[in-house]
Amino acid sequence: MAAALPRRPPSTEGRAVRSLAQARIERALSRRARYRYVVPRVEREGRGWKVVSPNCSRNVDRSGGDIAIAWFVPLDGGHWLLHSRDHHAGCWRVEASGLTLEAALQRVCEDPLRVFWP
């Protein structure tokens with residue numbers, strides 16, 4: 001009887017590997033208050049994660065194209081830097097620093113002042 005070969009983990013070649021942070025952001029976005037009928041996506045942006053969503057209000061993109069909503073950048077000690085997109089200036093604006101990911105997600109998902117979801 002031949003000895004069994006050790007099992008190798010499944011190959012991730014050709015597939016993107018999602019991080020735990022990305023999964024947490026995606027899960028939280030499903031519970032947001034605004035524009036629940038659109039499907040945003042979470043993409044890698046530098047060291048962090050960017051949220052991109054169709055602009056169904058057409059306040060930023062008249063054609064309803066995709067716009068950047070928020071950018072989460074990890075800091076030391078489990079804290080995060082949270083940015084909103086300044087669409088008129090074409091740059092990111094720091095909204096908060098030193099937040100837990102949960103607190104940053106709460107700000108983006110509730111967004112009473114429409115900073116993130118214009």
Side-chain angles (χ1 to χ4, degrees):
M1 182 180 222
L5 295 175
R7 292 180 64 187
R8 287 190 289 172
S11 171
T12 57
E13 189 175 329
R15 291 186 286 157
V17 177
R18 291 177 18 155
S19 81
L20 180 58
Q22 180 184 11
R24 288 179 64 193
I25 295 167
E26 289 170 345
R27 191 173 335 111
L29 290 174
S30 69
R31 300 185 303 265
R32 69 189 179 281
R34 298 197 179 283
Y35 304 115
R36 294 186 50 92
Y37 46 87
V38 299
V39 180
R41 65 184 184 279
V42 179
E43 301 176 346
R44 206 33 135 154
E45 176 82 8
R47 291 184 16 212
W49 299 98
K50 169 177 69 173
V51 177
V52 178
S53 178
N55 183 221
C56 51
S57 70
R58 301 181 191 268
N59 290 334
V60 176
D61 183 340
R62 296 273 182 232
S63 67
D66 291 346
I67 61 169
I69 300 294
W71 181 27
F72 300 87
V73 179
L75 301 173
D76 292 335
H79 292 96
W80 291 77
L81 186 61
L82 174 62
H83 300 80
S84 64
R85 185 71 179 171
D86 183 334
H87 297 284
H88 297 291
C91 62
W92 290 104
R93 182 177 56 214
V94 174
E95 292 295 330
S97 179
L99 298 174
T100 63
L101 182 55
E102 196 61 40
L105 288 167
Q106 184 175 358
R107 284 190 182 204
V108 171
C109 290
E110 291 178 1
D111 195 26
L113 300 177
R114 297 180 66 155
V115 172
F116 300 99
W117 302 92

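Counting begins at 1 with the first residue of the sequence.
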Exercise for the section: Give, for atom NE2 of H79 and atom OG1 of T100, the distance between the pair rounded to the nearest 0.5 Å. Expected result: 7.0 Å

Handout entry: Between CD1 on residue I69 and CZ on residue R34, distance to nearest 0.5 Å
Key = 11.5 Å

Practice task
Report the distance from atom CG of D111 to atom OG of S84, rounding to the nearest 0.5 Å.
Solution key: 9.0 Å

Practice task
Any chance you could measure E110, atom CD, to R31, atom CZ, to the nearest 0.5 Å?
Solution key: 11.0 Å

Handout entry: CD-CD distance between Q22 and E43, expressed to the nearest 0.5 angstrom
Key = 9.5 Å

Handout entry: Close side-chain approach of H88 and D86, heavy atoms under 4.5 Å
Key = yes

Exercise for the section: Specify the closest pair of heavy atoms between C109 and A28, including all atoms of both residues, with the distance to one decimal. Expected result: SG-O, 3.3 Å

Exercise for the section: Report yes if the side chains of R85 and I67 come closer than 4.5 Å at any heavy-atom pair, otherwise no. Expected result: no

Practice task
May I ask you to test the R32-F116 pair for a side-chain heavy-atom distance under 4.5 Å?
Solution key: no

Exercise for the section: Could you label the plane-to-plane angle of the F72 and W80 rings as parallel, tilted or perpendicular, counting under 30° as parallel and over 60° as perpendicular? Expected result: perpendicular

Exercise for the section: Kindly indicate, with the supporting measurements, whether the criterion side-chain contact (heavy atoms from CB on, under 4.5 Å) is fulfilled by W49 and R44. Expected result: CA-CA 5 Å; W49 299 98; R44 206 33 135 154; 3.5 Å; yes

Practice task
Please lay out, stage by stage, how L101 and I25 fare under the test side-chain contact (heavy atoms from CB on, under 4.5 Å).
Solution key: CA-CA 8 Å; L101 182 55; I25 295 167; 4.3 Å; yes

Handout entry: Min side-chain heavy-atom separation V108-W117 under 4.5 Å
Key = yes

Problem - Linked, directly or transitively: L75 and V94 (ILVMFWY side chains, under 4.5 Å) - result: yes

Exercise for the section: State plainly whether one hydrophobic cluster holds both W71 and L105, where clusters connect Ile, Leu, Val, Met, Phe, Trp and Tyr through side-chain heavy atoms under 4.5 angstrom apart. Expected result: no

Practice task
Start with the C-alpha gap between E102 and R24, add the side-chain angles, then the distance that decides, and say whether side-chain contact (heavy atoms from CB on, under 4.5 Å) holds.
Solution key: CA-CA 9 Å; E102 196 61 40; R24 288 179 64 193; 3.6 Å; yes

Exercise for the section: List the steps, then state whether side-chain contact (heavy atoms from CB on, under 4.5 Å) holds for E95 with V115. Expected result: CA-CA 9 Å; E95 292 295 330; V115 172; 3.5 Å; yes

Practice task
Find out if a path of hydrophobic residues (ILVMFWY) with successive side-chain heavy-atom gaps under 4.5 Å connects V38 to V52.
Solution key: no

Exercise for the section: Indicate the ring-plane relationship of W92 and H83, choosing parallel, tilted or perpendicular according to the 30° and 60° boundaries. Expected result: perpendicular

Fill in the blank from the handout: Between H87 and A68 the two heavy atoms that sit nearest each other are CE1-O, 3.0 Å

